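Structure first, commentary second.
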Amino acid sequence: VAESPLAEPSPGESSLRAATRGGPGRVLIAVYAVFALAATARSGVQIATKFGDAPLAYVLSAVAAVVYIVATVSFARGSATSRRVAVVSCTVELLGVLAVGTASLLDKAAFPDSTVWSLYGDGYGFVPVILPILGLLWIRRTARAAATTATATSV
Amino acid sequence: VTSTAGAARGRAPGGPILERVIHPLDTILLVAALVCAVWSLVLLMLSRPVGKRWLLGALLLIEMGLLGQAVVGVVELATAHRHVSAVTFVGYLVGSLLILPLAGWWSLTERSRWGVGVLLVGCLVIPVMIVRMNQVWSGG
């Protein structure tokens with residue numbers, strides 16, 4: 001039987017997946033899923049029923065929804081590639097929260113209705129600004145843990 | 001908050017009767033979810049989760065209550081002759097039904113204590129959704 005790296009994940013890859021999805025990662029993914037659901041539902045309703053009221057805010061809500069969905073899926077997959085996607089989406093998320101949070105403070109007129117990221121996510125207990133930081137820290141921590149197990153198994 | 005919501009509902013034909021039906025259920029579910037949240041937190045702080053099945057059983061009861069709330073809520077919405085943001089209201093009713101089954105499923109495959117951490121997240125989302133759907137109902 002020929003070894004197929006695509007069909008069977010390597011020991012390093014599967015331990016990476018277990019590390020990403022396990023422990024505190026479980027809770028992280030759960031919180032991301034809640035935000036994916038909340039932001040998708042919110043922006044869906046906003047865009048479908050009253051897009052003209054605050055187009056900028058609603059488009060940003062939709063962007064946030066996409067970012068949360070991508071982050072949830074990529075953390076839950078836990079492959080080497082999806083972890084890189086998770087890093088990108090967490091970074092976009094963090095920059096987005098900071099940019100939209102600052103913009104909503106400076107120019108209230110542009111944000112007649114709030115988005116998930118308005119005022120740094122104050123409507124959501126500031127979780128939106130903490131979550132990407134926790135996500136990035138989690139990727140860093142599990143990368144180190146997986147690197148140790150990978151070298152241990154390959155030797 | 002409850003009194004203003006009650007006053008607003010009182011104006012709707014058929015409102016006062018339904019109000020008495022749904023309000024205790026709302027409150028019971030909210031308190032029950034918070035109790036389960038504290039319970040999950042205690043289990044999370046223990047080094048190994050014990051009696052997770054009892055917690056899952058309690059969440060199943062809450063889920064059945066949420067199902068009842070959704071049915072009552074939709075009936076109430078259909079009979080209320082006043083402006084309620086219907087899509088958002090039904091969205092919260094239906095959305096609240098997804099949370100606990102998903103949290104239960106996601107926590108089952110996690111043997112460590114972080115499995116109950118997932119249940120904690122689910123338990124905290126339910127009260128928020130109940131408060132929000134009441135705000136939507138009273139025009140907030």
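The structure displayed is predicted, hence computed values, not measured ones. Below, all heavy atoms of this structure are taken into account, side chains as well, without hydrogens, waters or symmetry copies. Every chain is numbered from 1, with letters handed out A, B, ... down the list of sequences.
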Response to the item:
Pair count under 4.5 Å, heavy atoms only, with chain A: among B:T109, B:V128, B:L120, highest is B:T109

Item to complete: Can you check whether anything in residues 59-75 of chain A gets within less than 4.5 Å of chain B, heavy-atom wise, and list it by number?
Response: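 Listed by number, there are no contacting residues, so the answer is none.
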
Fill in: Inter-chain contacts: residues 20-31 of chain A against chain B, heavy atoms under 4.5 Å
A:R21, A:G22, A:G23, A:P24, A:R26, A:V27, A:I29, A:A30, A:V31

Discussion item. So for B:V125, is it side chain, backbone, both, or neither that comes closer than 4.5 Å to the heavy atoms of chain A?
Written reply: side chain

[X] and [Y]: same hydrophobic cluster, using ILVMFWY side-chain contacts below 4.5 Å?
| X | Y | answer |
| --- | --- | --- |
| A:V100 | A:I130 | yes |
| A:V85 | A:L94 | no |
| B:L61 | B:I126 | no |
| A:L136 | A:L98 | yes |
| B:I28 | B:I62 | no |

Worksheet item: What do the steps show when you test B:T88 against A:T49 for side chain to side chain contact (heavy atoms under 4.5 Å, CB included), and what is the final call?
Response: CA-CA 10 Å; B:T88 313; A:T49 60; over 6 Å; no

Discussion item. For A:R77, is the CZ atom crowded, meaning more than 12 foreign heavy atoms sit under 6.0 Å from it?
Written reply: no

